[in-house]
Amino acid sequence: MADTPNTPDEAEMRARWGGFAFTAANAKQAKKVIARYPEGRQRSAVMPLLDLAQRQVGEETQTQGWLPVPVIEYVAEMLDMPFMRAYEVATFYTMYNLAPVGRYHVQVCGTTPCMLRGSDDVMAACKNKGMVKGKTTPDGMFTLTEVECMGNCATAPMFQINDDNYEDLTYDSASAILEALAKGEQPKTGSQIAGRQSSEPEGGVTSLAAMVDSNHDYRKDY
């Protein structure tokens with residue numbers, strides 16, 4: 001697993017983020033999110049609000065975003081919940097970053113299915129681009145993390161970069177994706193095998209073929 005990332009000094013963190021508040025647009029979105037939950041259950045909105053806060057930090061820093069302690073405190077106060085309860089959520093899920101990350105957060109799945117399908121080659125591609133687990137490259141471009149199952153076992157190996165999944169990777173395809181991102185390009189997401197859709201077999205659909213025919217009249221099947 002990844003080395004523990006380095007968090008900024010407490011005083012430095014509070015000096016930079018102590019005055020955090022949602023932008024007008026995000027405050028409006030936060031109210032919409034909170035309104036989804038019944039009276040007395042507003043604390044259930046903690047996960048989407050932490051995500052919203054992380055994205056705002058990302059926009060301000062031109063990175064994928066992270067959650068400084070004052071930002072978590074802000075969300076907890078908004079939901080009238082103890083800071084520690086919000087912090088427990090932030091520390092449990094790997095979708096939340098507790099230390100600064102780069103513009104692209106590369107999360108390589110190292111669980112058994114991906115390992116058996118070549119995740120070591122994917123990790124090697126990352127390392128050959130100057131990445132070190134738990135660290136951010138000197139140019140601030142990439143942060144590398146090894147994570148547990150990302151739910152793409154049928155299209156292993158894979159990595160998630162920010163909000164996008166890249167699957168069926170090889171050393172070469174992983175390297176090409178990283179090179180494209182470094183150039184400011186947007187590489188193809190999903191499976192990197194030509195023609196493969198979702199988790200269907202590499203050779204195409206072999207069962208329920210009619211389900212992928214948009215012109216099929218399913219009413220005639222019953």
Stepwise salt bridge (Lys or Arg N to Asp or Glu O under 4.0 Å) test for E10 and R14: CA-CA 6 Å; E10 176 78 10; R14 291 197 175 278; 2.7 Å; yes
[X] side chain vs [Y] backbone, donor-acceptor pair below 3.5 Å:
X	Y	value
E73	V71	no
N162	T63	no
T137	F142	yes
Y96	M47	yes
Q62	E60	no
T145	G134	no
E185	E179	no
N97	A99	no

Carboxylate-amine/guanidinium proximity below 4.0 Å for R55 and E59: no
Under-4.0 Å salt bridge between E167 and R196: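 Salt bridge between E167 and R196, a charged N being under 4.0 Å from a carboxylate O: no.
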Which residues share a ring pair (Phe, Tyr, Trp, His ring centres under 6.0 Å) with Y87, sequence neighbours left out: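 Residues passing ring pair (Phe, Tyr, Trp, His ring centres under 6.0 Å) with Y87: F83.
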Partners meeting ring pair (Phe, Tyr, Trp, His ring centres under 6.0 Å) with Y74 (sequence neighbours left out): F20, F22
Heavy-atom neighbours of K188 NZ exceed 12 at 6.0 Å: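 Correct, the count exceeds 12.
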Donor-acceptor side-chain pairing of D168 and Q192 below 3.5 angstrom: no
Short side-chain donor-acceptor distance under 3.5 Å, T170 and D172: no
ILVMFWY network linking [X] to [Y], side-chain heavy atoms under 4.5 angstrom:
X	Y	value
L98	W17	yes
V69	M81	yes
L144	V101	no
L50	Y37	yes
M95	I72	yes

Quick check: closest heavy atoms across [X] and [Y], and the distance to 0.1 Å?
X	Y	value
L79	R43	O-CG, 3.5 Å
V75	A53	CG2-CB, 4.0 Å
V122	F159	CG1-CD2, 3.4 Å
T136	G140	CG2-CA, 3.9 Å
T155	S198	CG2-O, 3.5 Å
Y166	P187	OH-CG, 3.7 Å

Side chains of [X] and [Y] in contact at under 4.5 Å (non-hydrogen atoms):
X	Y	answer
C114	C153	no
P68	R16	no
D80	Q42	no

Give, for atom [atom1] of [X] and atom [atom2] of [Y], the distance between the pair rounded to the nearest 0.5 Å.
X	Y	atom1	atom2	value
Q160	T94	CD	OG1	8.0 Å
I161	I177	CD1	CD1	6.5 Å
M158	D164	CE	CG	10.0 Å
R41	E39	CZ	CD	11.0 Å
Q54	Q64	CD	CD	5.5 Å
M123	D120	CE	CG	8.0 Å

CA sep, side-chain torsions, deciding dist, call: L178, C126, side chain to side chain contact (heavy atoms under 4.5 Å, CB included): CA-CA 8 Å; L178 297 173; C126 295; 4.1 Å; yes
From CA spacing to verdict: side chain to side chain contact (heavy atoms under 4.5 Å, CB included), E148, C109: CA-CA 6 Å; E148 291 301 313; C109 180; over 6 Å; no
Pair V33-Q29, side chain to side chain contact (heavy atoms under 4.5 Å, CB included): steps then yes or no: CA-CA 6 Å; V33 170; Q29 178 62 22; 3.7 Å; yes
Verdict with supporting geometry, S175 and K129, side chain to side chain contact (heavy atoms under 4.5 Å, CB included): CA-CA 8 Å; S175 297; K129 296 299 180 186; 4.2 Å; yes
